[in-house]
Amino acid sequence: MKQQRPGVLLTRRLFPEVLQRLSAHFEVRDNPDDAVWTPAELIERLQGQWGVLATQGERIDATVLAACPQLRVVANMAVGFNNLDLEALARHGVQASNTPDVLTESTADFGMALLLATARRISEGEHYLRAGRWHKWSADLLLGAEVHHSTLGILGMGRIGQAIARRAAHGFAMQVLYHNRNPLDAATERACAARYVSKAELLRQADHLLLVLPYTSANHHTIAAAELAQMKPSATLVNLARGGIVDERALAHALRSGQLAAAGLDVFEGEPQVRPELLELPNVVLTPHIASSTRGTRLGMALLAADNLIAYHQRGQLLTPVKHPAA
Ligand code: DGY
């Protein structure tokens with residue numbers, strides 16, 4: 001008798017290559033309409049499934065795990081995994097993987113792009129032109145902030161932070177300062193041409209502050225009114241990490257009052273909803289969580305997630321298990 005293959009659920013629409021690879025090993029249930037499921041709908045679709053290829057948009061918590069006792073593995077198609085309740089996963093004996101490395105370089109490219117767009121007012125300029133407001137060249141039209149030779153502050157110096165530091169230091173001659181839970185070793189610091197400083201010094205010195213740290217309950221609103229008040233009024237803030245790291249209400253206030261020059265945001269606290277105050281401000285560049293979005297990178301992420309499921313099924317070992325942020 002043919003043995004029943006384990007079931008794997010894809011929570012979102014993915015690439016045909018991913019379906020093809022998984023279908024060789026599993027009974028795959030996908031989401032061709034790319035519908036966003038409620039937690040109850042997710043639980044319903046997870047019934048009887050052995051594995052799930054999830055994205056950062058689905059919360060896999062104690063309620064989901066208790067309702068899906070057959071689930072053994074969660075392959076998260078993201079390097080971030082704040083959508084996973086790690087304690088609950090451990091309690092239920094469910095393994096979890098993420099997708100480090102494959103997205104580092106394209107996310108770093110995007111970080112530089114968002115920084116440049118924000119500091120040099122590129123979106124604002126485009127809106128101005130499209131609105132038919134450009135009637136003459138003017139010496140002081142849409143004056144931006146310098147990027148080259150300025151000081152970049154990076155909060156969170158993991159792989160993506162380091163890749164951005166290399167671009168900034170070697171490509172734009174920026175002075176790179178960073179703050180992290182732990183300083184990097186000297187050789188890595190040298191390769192990134194970056195210097196470790198306290199968080200307070202980072203806030204004070206940065207002409208541009210880039211957030212690329214993993215989001216945990218411990219760093220919720222780690223950039224709030226008090227931190228924004230320590231920054232230069234001419235500074236820009238760029239968030240590539242997770243919306244919850246920044247108190248968006250305080251940020252909107254700082255941007256409106258001139259306490260901060262500009263912000264570039266790829267992630268939002270309540271995404272895909274964006275705070276109306278932010279939508280109304282001209283000095284914010286807003287993008288829909290696309291820092292890793294090139295075809296090659298998103299495909300690489302999805303295939304790595306798929307390969308984690310296959311490796312766990314075949315050998316009982318994940319390729320890239322999530323590492324607890326405190327580890
Ligand atoms: C990540 O990999 O964590 C990204 O934010 C998902 O797009």
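First listed ligand is number 1; within each ligand, the first listed atom is number 1.
- With a heavy-atom cut-off of 4.0 Å, M77 does not touch ligand 1 at all.
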Given R21 and E17, is the salt bridge (Lys or Arg N to Asp or Glu O under 4.0 Å) satisfied, shown in steps? CA-CA 6 Å; R21 190 171 294 187; E17 295 92 323; over 6 Å; no
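- Near S292, meaning under 4.0 Å from one of its heavy atoms, ligand 1 places the atoms 7 (O).
- Separation of atoms CD1 (I154) and CG (L213) is listed at 11.5 Å; rounding is to 0.5 Å.
- Remark: ligand 1 atoms within the under-4.0 Å shell around heavy atoms of A78 are 1 (C), 2 (O), 3 (O), 6 (C).
- Residue contact check for ligand 1: R242 places a non-hydrogen atom closer than 4.0 Å to it.
- In terms of heavy atoms, E58 sits closest to N83 at O-ND2, 2.9 Å.
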Would you sort out whether L14 and L19 count as a side-chain contact (heavy atoms from CB on, under 4.5 Å), showing the intermediate values? CA-CA 7 Å; L14 296 176; L19 269 178; over 6 Å; no
Kindly determine whether L115 and L152 satisfy side-chain contact (heavy atoms from CB on, under 4.5 Å), including the steps that lead there. CA-CA 10 Å; L115 167 54; L152 174 65; 4.1 Å; yes
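- For ligand 1, the atoms closer than 4.0 angstrom to any heavy atom of L103 are 2 (O).
- Near H289, meaning under 4.0 Å from any of its heavy atoms, are these atoms of ligand 1: 4 (C), 5 (O), 6 (C), 7 (O).
- Applying the 4.0 Å criterion to heavy atoms of R298 picks out, from ligand 1, the atoms 7 (O).
- Classification of the W50-F26 ring pair by plane angle, with boundaries at 30° and 60°, yields parallel.
- Nearest heavy-atom pair across T104 and A163 is CG2-CB, 3.8 Å.
- Looking at Q56 next to ligand 1, no N or O pair under 3.5 Å apart turns up.
- No more than 12 heavy atoms of other residues, nucleotides or ligands sit less than 6.0 Å from atom NE2 of H127.
- Polar contact with ligand 1: present for G80 (N/O pair, distance under 3.5 Å).
- Ligand 1 places these atoms under 4.0 Å from at least one heavy atom of M301: 2 (O).
- Here the protein heavy atom with the shortest distance to atom 2 (O) of ligand 1 is V79 N, 2.7 Å.
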